[in-house]
There are 2 protein chains.
Amino acid sequence: MKVLVVEDDQYHARYILDAISEELPEVTETMHAINGLDGEAEALAGSFEGIVMDLQMDLRNGIDAARTIWSRKPETRILFWSNYADEAYLRGISRIVPPNSAYGYVLKTASSSRLKLALRAVLLEGQIMVGRELDQLGRQNRRGSVLEESEYAILLDLALGLQDKTIAKRQNLSLRTVQNRLLSLYDKLGIGEEDGPPLNKRVRALNCALRNKVLNLQVLESAEMDYENRRKTS
Amino acid sequence: MKVLVVEDDQYHARYILDAISEELPEVTETMHAINGLDGEAEALAGSFEGIVMDLQMDLRNGIDAARTIWSRKPETRILFWSNYADEAYLRGISRIVPPNSAYGYVLKTASSSRLKLALRAVLLEGQIMVGRELDQLGRQNRRGSVLEESEYAILLDLALGLQDKTIAKRQNLSLRTVQNRLLSLYDKLGIGEEDGPPLNKRVRALNCALRNKVLNLQVLESAEMDYENRRKTS
DNA sequence: AAAAGTATTGCGGGAACCCGCAACGTTGTG
DNA sequence: CACAACGTTGCGGGTTCCCGCAATACTTTT
């Protein structure tokens with residue numbers, strides 16, 4: 001079995017490569033890519049059955065890399081290995097996993113045994129394995145409310161800096177509907193409940209989304225590129 | 001000599017502890033704190049001459065921890081060891097280094113030899129050592145323009161979501177001056193030059209500042225706490 | 001099918017924001 | 001001192017944003 005490790009942190013890469021060679025004798029060959037772009041190219045060129053993928057990387061983040069890999073080779077087993085339990089990552093991943101595919105999500109703060117277990121379960125056994133800390137992410141948000149997919153889309157557009165009018169055009173909604181979605185977004189993010197002077201809700205929404213880890217820098221970058229591309233080709 | 005390592009990533013911590021014990025025989029005792037709060041407490045309680053400090057940590061980030069440590073023990077030598085070359089970090093550090101103190105800033109992507117060199121130079125020899133990648137950060141910004149300290153302060157307030165009026169009050173400026181600073185801020189961040197539909201400049205400014213690494217999540221958190229504290233005690 | 005609930009849209013107005021114009025103070029240079 | 005350069009401040013107006021109110025749709029419940 002061939003496994004590809006996509007990881008830009010030298011210390012983490014060394015550790016995971018060691019772990020694989022020690023604990024998974026079934027793996028006959030490993031390869032190491034040091035960023036998302038490189039990893040994507042290797043994965044498409046070679047014939048890897050399993051991938052360990054870091055999420056936060058330069059050039060191309062793990063989710064974008066995984067999307068193109070899965071779109072060409074949907075049977076590939078991918079174990080995401082990340083420092084952060086961001087809702088943004090989970091949302092990103094859950095939108096790109098192909099049906100019947102094996103994947104997993106393990107935090108880098110997890111113990112070695114947990115990591116090794118996940119390596120075996122996902123790469124060898126083809127199971128789905130997601131840490132419990134991550135699973136309950138959506139629930140604890142604010143007043144137990146999760147962002148609807150539609151609200152999340154608006155949040156992304158807001159985060160890019162688009163105006164209401166532009167968002168309406170993009171999403172094929174009326175101006176007022178966009179503003180309604182923004183209202184419920186503000187509500188769910190808990191904006192307007194602070195004491196002290198009133199705030200600029202738009203900026204505050206982005207601020208809160210970042211601090212609550214509903215968004216992160218990687219998805220901002222992805223959304224930006226997506227927006228640029230779609231704008232140019234239309 | 002006693003050295004404290006403040007690092008929440010288990011793999012990085014192990015590596016740096018190994019490196020110290022192998023390469024720096026002068027170090028007789030090492031201690032490991034797993035987050036900023038813990039590290040701060042240990043540093044103030046024990047008598048450490050040198051500290052290796054991660055920047056991105058939960059509970060309390062490295063800069064905030066270093067600030068309180070230096071305010072009580074300004075002679076402490078601190079080597080910052082970070083994944084990211086964010087302008088936000090440099091700004092934060094340069095504002096808290098006490099005069100005549102020894103410190104350094106090394107990226108985690110640096111080679112082992114560079115890291116070991118920095119360990120020796122900063123902790124043992126008391127030199128100042130900053131990687132070259134970091135030093136030129138301020139210059140390449142946009143049209144060769146660096147943010148003035150005053151503009152940076154406004155950017156922070158904007159990022160918190162404060163309104164112009166509130167910012168004016170906080171900084172003891174007139175409303176119009178705040179708006180002028182925002183104008184030059186927009187200019188330096190390159191906002192308003194994009195083609196395509198017009199944008200919400202406020203949100204866009206935050207977005208760009210994050211993507212250009214003028215700001216990052218840690219400074220947002222710090223600014224937030226600072227704002228809350230100052231508001232309550234006034 | 002009726003009723004109740006929810007999402008979408010329009011209208012309108014007050015507040016905040018963006019910014020050109022012009023007046024004023026400060027600083028520094030010949 | 002004069003003059004220029006620059007930061008600060010006020011004024012005014014055009015635009016965007018925030019959001020209550022109310023009229024339709026569309027969905028679910030009874």
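Here the structure is a predicted model, which is why all the values come from computation and not from measurement. Throughout, protein chains are lettered first and strands after them, A, B, ... in sequence-line order, and every chain is numbered starting at 1.
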Side-chain ion pair, [X] and [Y], N-O less than 4.0 Å:
X       : Y       : value
K108(B) : E7(B)   : yes
K73(A)  : E40(A)  : no
R181(B) : E148(B) : no

What is the distance from [atom1] of [X] to [atom2] of [N], rounded to the nearest Å?
X       : N       : atom1 : atom2 : value
E151(B) : dT8(D)  : CD    : P     : 10 Å
E148(A) : dT8(C)  : CD    : P     : 10 Å
I167(B) : dC17(C) : CD1   : C1'   : 11 Å
Y186(B) : dC18(C) : OH    : C1'   : 8 Å
Q163(B) : dT16(D) : CD    : C1'   : 14 Å
D187(A) : dC19(D) : CG    : P     : 10 Å
D157(B) : dC17(C) : CG    : C1'   : 16 Å
N200(B) : dC18(D) : CG    : C1'   : 13 Å

Within the structure, does a side-chain N or O atom of K201(B) lie under 4.0 Å from either OP1 or OP2 of dT16(D)?
no

Aromatic rings F80(A) and W70(A): how do their planes relate, parallel, tilted or perpendicular, breaks at 30° and 60°?
perpendicular

Y84(B) and Q56(A): side chain donor to acceptor below 3.5 Å:
yes

Considering only heavy atoms, which members of residues 172-184 of chain B lie under 4.0 Å from some atom of DNA chain C?
R176(B), Q179(B), L183(B)

Which heavy-atom pair separates L206(B) from N207(A) by the least distance, and what is that distance?
CD2-N, 4.4 Å

Per K165(B) side chain, nearest of listed nucleotides dC18(D), dC18(C), dA16(C):
dA16(C)

